[in-house]
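What follows is a single structure, written as structure tokens, with notes after it.
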Amino acid sequence: MVSVSNVVEVNLSRQTAVPKEETFNVPLILGFNNLPAFNDKLALEFYDPSELLDPSIGFTSTSKEYLMAQQIFMQEPSIKKFVVGKRKVSVVNPTDATKSIYKITDDLDEIIRANNNWYALFLADFSEKDDLMQACKWVEASKNKIGSFRSADKNILDSSKNSDIANTLAAVGFNRSMLTYHATNNEFPEAAILGKFLSKEAGTYCLAHKNLNGITSQNILDREFKAIQNASCNVYTDILSTPTFQDGRVLNKVTNFIDNPITEDSLKAKLQSRIFGTFSLVDKVSYDSDGLLIIENQIRSVLEEFEKKKAILKGWEVRVPKLEEIIKKYKEDRQKRELNNIWFNAIINGAIQKVSVNGFISY
């Protein structure tokens, strides 16, 4: 299938390509398995965790893929569909036993050839040392996926140490991946939290302070919580005796939150869909002032929608070149039937997640 970017190109910071709109609420659960169901296809689509237990598929009630899917679907609301992908077992390099021939990036490249209709990457099986850095780099380079991973590395809780996996990843800096500290076996808060909110419209939510069903709260101290946040990591823990997810930040020492790239991806996909839809619905978008206005109105309509749902702030701007300007400066573009030099300026409408109050009292 030819990418819509060949016809409608939308450039936002850090992005050049986008997934289909319908894939924004579909995760990929990636793990090792030797099940016959995956012999012909590396990735299969499911609509309920119980489908994984079907004898024709072959997972068991203790399989990590099943447990992760189950915990995702325990959330309210929840996604409606997910993809399970098969990792290939790494092969030892015969000339150097310390190096592996097959890496997680190879797995992911093969998965998207088999099924690219997913948006969020969750790992059922992985090695922190060998896989997480490469997975984060792959997600960042994809420019149209996000990743959510977990770690039980207790060094993350110690602010005097900075060689743990969270600090190591954050020092590189990733805007599309997040890591959650969780020491309870066979629990997957990193998947449950996104499973809960990817079902909602991008730009209408943040992950901070949210309760999760079926996930054990981590008993940590204030200093450990601060160490986790300083490492650009997340955790599911009690605040005021209420278990909540804290707090959706990505693996970057420059604080950012995963809902921001999700909003950006959705905005870009919506713009491409709206403009391409115009091309396909009318006989011709004329290259004159009327045609320029049609394109401008499509852009404005998307920005208005995102403003209305509080995904972007009011005061955004759009500029489409005038016909006279195109004839004078961009004559070649008109000959190629290309409309370039459009820009818009909008600010993501973030969320208040922390409040500091100063007060004065007297007697």
Side-chain angles (χ1 to χ4, degrees), residues 4-5 8-27 72 75-82 117-120 143-148 175-176 178 192-212 234 244-250 255-278 281 293-320 342-355:
V4 68
S5 294
V8 182
E9 183 177 359
V10 178
N11 293 309
L12 299 181
S13 111
R14 300 194 304 272
Q15 299 167 43
T16 57
V18 298
K20 298 177 184 178
E21 285 188 72
E22 62 266 25
T23 66
F24 278 97
N25 58 3
V26 178
I72 290 171
Q75 309 313 312
E76 297 177 3
S78 178
I79 58 169
K80 306 300 182 185
K81 174 183 173 183
F82 63 101
N117 295 323
W118 55 273
Y119 180 59
K143 297 180 173 60
N144 62 4
K145 307 288 188 190
I146 59 170
S148 187
N175 286 303
R176 291 183 159 272
M178 68 178 192
I193 187 67
L194 282 176
K196 181 173 185 171
F197 284 99
L198 287 179
S199 63
K200 296 177 177 288
E201 284 193 68
T204 65
Y205 59 83
C206 73
L207 306 187
H209 318 306
K210 304 306 189 295
N211 180 259
L212 296 173
N234 302 277
T244 56
F245 188 84
Q246 304 294 328
D247 58 358
R249 62 188 59 205
V250 295
T255 303
N256 191 14
F257 297 90
I258 196 70
D259 53 281
N260 285 336
I262 294 173
T263 301
E264 293 171 13
D265 290 346
S266 177
L267 175 59
K268 185 173 181 179
K270 184 70 73 174
L271 284 167
Q272 288 189 315
S273 175
R274 191 68 56 82
I275 295 172
F276 186 76
T278 300
L281 288 173
L293 183 60
I294 288 173
I295 300 301
E296 180 176 351
N297 285 341
Q298 295 305 315
I299 297 170
R300 289 184 177 277
S301 69
V302 172
L303 294 174
E304 286 168 358
E305 286 180 16
F306 273 68
E307 178 192 323
K308 185 176 181 179
K309 67 180 184 180
K310 297 189 180 297
I312 62 174
L313 295 174
K314 296 179 180 180
W316 46 267
E317 302 173 88
V318 177
R319 183 188 181 278
V320 177
I342 299 174
W343 62 261
F344 73 87
N345 183 25
I347 300 173
I348 294 288
N349 189 347
I352 299 172
Q353 298 186 185
K354 182 177 179 179
V355 176

So, taking the atom named CD1 in Ile312 and the one named CD1 in Ile347, what distance separates them when rounded to the nearest 0.5 Å? 9.5 Å
Close side-chain approach of Cys206 and Asp259, heavy atoms under 4.5 Å: yes
Contact summary for Ser78 and Ser199, nearest pair of heavy atoms: O-CB, 3.4 Å
Minimal heavy-atom distance between Gly195 and Ile72, with the atoms involved, is CA-CG2, 3.7 Å
At their closest point, which heavy atom of Phe24 faces which heavy atom of Ala269, and how far apart are they? CE1-CB, 3.6 Å
Hey, is Arg300 close enough to Glu304 for a salt bridge, meaning N to O under 4.0 Å? no
Is the number of heavy atoms from other residues, nucleotides or ligands under 6.0 Å of Lys310 NZ greater than 12? no
Closest contact, heavy atoms only, Trp316 versus Ala346: CB-CB, 3.9 Å
For Ser148, run the side chain to side chain contact (heavy atoms under 4.5 Å, CB included) check against Val250, Leu207, Leu194 and tell me which one passes. Leu194
Heavy-atom check, side chain of Glu305 versus side chain of Glu201, under 4.5 Å: no
What distance do Ile275 atom CD1 and Ile342 atom CD1 have between them, rounded to the nearest 0.5 Å? 6.5 Å
Are Met178 and Phe257 packed together at the side-chain level, in the sense that at least one heavy-atom pair is separated by less than 4.5 angstrom? no
Do Tyr205 and Lys196 come within less than 4.5 Å of each other through their side chains, counting heavy atoms only? no
The reported gap from CD1 in Ile262 to CD1 in Ile348 (rounded to nearest 0.5 angstrom) is 11.0 Å
Do the side chains of His209 and Gln353 get nearer than 4.5 Å, heavy atoms only? yes
Under 4.5 Å between any side-chain heavy atoms of Phe344 and Leu303, yes or no? yes
Looking at every non-hydrogen atom in both residues, tell me the closest pair between Val320 and Glu296 and how far apart they are. CG2-CB, 3.6 Å
Asn260 side, atom CG; Arg176 side, atom CZ - distance, nearest 0.5 Å: 11.0 Å
Roughly how far apart are Thr263 OG1 and Leu267 CG, rounded to 0.5 Å? 8.5 Å
Face-on cation placement of Lys308 at Phe306 ring, 6.0 Å and 45° thresholds: no
Looking at Gly248, is its backbone amide N or carbonyl O close enough to the side chain of Asn234 to form a donor-acceptor pair, meaning the two atoms are under 3.5 Å apart? yes
Flag, side chain of Ser273 to backbone of Lys270, donor-acceptor distance under 3.5 Å: no
With side chain to side chain contact (heavy atoms under 4.5 Å, CB included) as the test, pick out the partner of Tyr119 among Asp265, Val26, Asn144. Asp265
Carefully, step by step, assess Trp118 and Lys145 under the rule side-chain contact (heavy atoms from CB on, under 4.5 Å). CA-CA 8 Å; Trp118 55 273; Lys145 307 288 188 190; 3.8 Å; yes
Would you name the heavy atoms of Thr244 and Gln246 that are closest together and state the gap between them? OG1-NE2, 2.8 Å
List the steps and the verdict of side-chain contact (heavy atoms from CB on, under 4.5 Å) for Lys210 and Leu212. CA-CA 7 Å; Lys210 304 306 189 295; Leu212 296 173; 5.6 Å; no
With heavy-atom distances below 4.5 Å as the criterion, would you say the side chains of Asn25 and Lys80 are in contact? no
Pairwise distance CD1(Ile299) to CD1(Ile294) - rounded to 0.5 angstrom: 12.5 Å
